[in-house]
Amino acid sequence: MLHTTDFSDIFSSDYSSKASFKKGDIIHSFKDYEKKPPQIGVILEGTAVLEGPTNEGRWMINALISENAIFGMESLLETKTAPELTEYRVRALENGRTLFIDREFFLNYLYANPHIFHLVLDDVIVRYLFTAKNYKNINQSPIIKVTRIFVEIIELLNLHQTEGEITLPSYITQTFLADYCRSSRARITESLEELLINGLLVSKKPITISSHEKLLDQIDSFQTGNGLLTK
């Protein structure tokens, strides 16, 4: 799996460089695509988010970028026939390190190591499917959206391999969830209270979920129109 791949051991320092970042740093932006030599970025340690601007100039969370996830995929474009790039940036949620890899070397490595190529492709597809689902459900009620976002966060951070209760990182706050769900903080607070009463949540601070399996059962219940499950 891609999240177990140690990229720092794979790529020579002749074709890559490492950099440290702090919480709140902008690790990458779409403007880098034109200003810098083509590179692919990999989060070695820490977590970040991909954000896009609204018409009012506010940056909104579009995706979570976990450890060993890749960003800056636009540098792999071979032609200019693709649609004009949408403005975005990658912002650090906590301190960490990143690896920047020369585009041509990265592509050559993928061609020579198809199993890594397929892991990268799997990762891109999973992220695309999560994003597509989020846009499909954008008009759903906040409680449905936040339940789905919990599944996305848990699976992208590979916390679903843990049995029983799952405590989310401290940066997953009610404000973070409101941004990710495109909902108000008040509505997210109400939804978390309902999930707490329902037993799906064990705690709101830190956010602790009873189990990944129960989350999936709850989503199935929403899909069949049965609403919240009882304890």
Side-chain angles (χ1 to χ4, degrees), residues 19-36 39-43 45-67 69-75 77 82-98 100 123-124 126-157 168-195 201 204-207 209:
S20 298
F21 56 80
K22 295 182 179 180
K23 178 181 178 180
D25 284 353
I26 305 303
I27 304 170
H28 173 75
S29 75
F30 89 111
K31 295 177 183 178
D32 295 338
Y33 174 69
E34 297 179 345
K35 294 181 179 179
K36 295 181 179 180
Q39 293 179 317
I40 288 291
V42 180
I43 300 291
E45 295 176 12
T47 313
V49 283
L50 186 150
E51 299 176 315
T54 65
N55 292 332
E56 295 76 31
R58 180 172 175 244
W59 291 91
M60 300 284 286
I61 297 171
N62 288 328
L64 192 64
I65 304 177
S66 56
E67 196 167 292
I70 293 172
F71 60 87
M73 298 293 282
E74 68 274 10
S75 68
L77 290 171
E84 184 177 350
L85 293 175
T86 303
E87 185 175 3
Y88 80 93
R89 69 184 188 183
V90 176
R91 177 175 60 86
L93 291 175
E94 55 186 348
N95 297 347
R97 295 186 306 131
T98 188
F100 291 100
D123 184 67
V124 171
V126 167
R127 292 173 185 280
Y128 167 79
L129 291 175
F130 274 130
T131 300
K133 285 182 179 180
N134 290 341
Y135 279 101
K136 177 184 176 182
N137 295 298
I138 197 166
N139 294 320
Q140 294 283 351
S141 67
I143 195 168
I144 293 176
K145 290 193 288 186
V146 77
T147 303
R148 290 184 176 279
I149 288 296
F150 279 148
V151 172
E152 178 175 340
I153 291 170
I154 287 171
E155 294 188 0
L156 289 179
L157 295 180
L168 299 184
S170 59
Y171 54 76
I172 307 296
T173 63
Q174 294 181 44
T175 300
F176 177 97
L177 293 171
D179 195 358
Y180 213 158
C181 293
R182 303 296 190 268
S183 187
S184 69
R185 191 179 188 281
R187 297 294 303 278
I188 292 300
T189 299
E190 292 174 3
S191 298
L192 295 184
E193 285 290 348
E194 288 186 64
L195 295 176
L201 282 190
K204 289 197 304 179
K205 192 174 182 180
I207 295 176
I209 295 162

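One distance of note links CZ of Phe150 with CD1 of Ile207; it measures 4.5 Å at 0.5 Å rounding. For the atom pair CD1 of Ile70 and OG of Ser75, the computed distance is 10.0 Å after rounding to the nearest 0.5 Å. Rounding to the nearest 0.5 Å gives a distance of 6.0 Å between OH of Tyr180 and CG of Asn134. The distance from the CD atom of Glu152 to the CG atom of Leu157 is 9.5 Å, given to the nearest 0.5 Å. In this structure, Leu177 CG and Leu168 CG are separated by 8.0 Å, a value rounded to the nearest 0.5 Å. Residue Glu51 holds its CD atom at 11.5 Å from CD of Glu87, rounded to the nearest 0.5 Å.
Arg127 places a side-chain N or O within donor-acceptor distance of the main-chain N or O of Leu64, the cut-off being under 3.5 Å. Remark: the backbone N or O of Thr47 is paired with a side-chain donor or acceptor of Glu94 at under 3.5 angstrom. Under the 3.5 Å distance criterion, the side-chain polar atoms of Ser184 are matched with a main-chain donor or acceptor of Arg187. In this structure, the side chain of Thr98 does not engage the main chain of Ala19 through any donor-acceptor pair within 3.5 Å.
For Lys133, the NZ atom is loosely surrounded, since the number of other residues' heavy atoms within 6.0 Å does not exceed 12. The number of heavy-atom neighbours closer than 6.0 Å to CZ of Arg89, taken from other residues, nucleotides and ligands shown, is above 12. The local environment of OH in Tyr171 is crowded, with over 12 non-hydrogen atoms from other residues, nucleotides or ligands closer than 6.0 Å.
Shown here for Ala92 and Phe21, the closest heavy-atom pair between the two residues is CB-CD1, 3.4 Å. Closest approach of Phe71 and His28 over heavy atoms only: CE1-CB, 3.5 Å. Between Glu67 and Glu45 the shortest heavy-atom distance is OE1-CA, 3.6 Å. Considering all non-hydrogen atoms of both residues, Asn62 and Gly52 come closest at ND2-N, 3.3 Å. In this structure, Thr189 and Gln174 approach most closely via the heavy-atom pair OG1-OE1, 2.6 Å. Nearest heavy-atom pair, Leu93 versus Lys23, reported as atom, atom and distance to 0.1 Å: O-CG, 3.4 Å.
A heavy-atom distance below 4.5 Å is not found between the side chains of Ile65 and Ile27. Side chains of Lys205 and Leu192 form no contact here, defined as non-hydrogen atoms less than 4.5 Å apart. At a threshold of 4.5 Å between non-hydrogen side-chain atoms, the residues Ile209 and Leu201 count as touching.
Trp59 does not carry Arg91 over the face of its six-membered ring by the limits of under 6.0 Å from the centre and within 45° of the normal.
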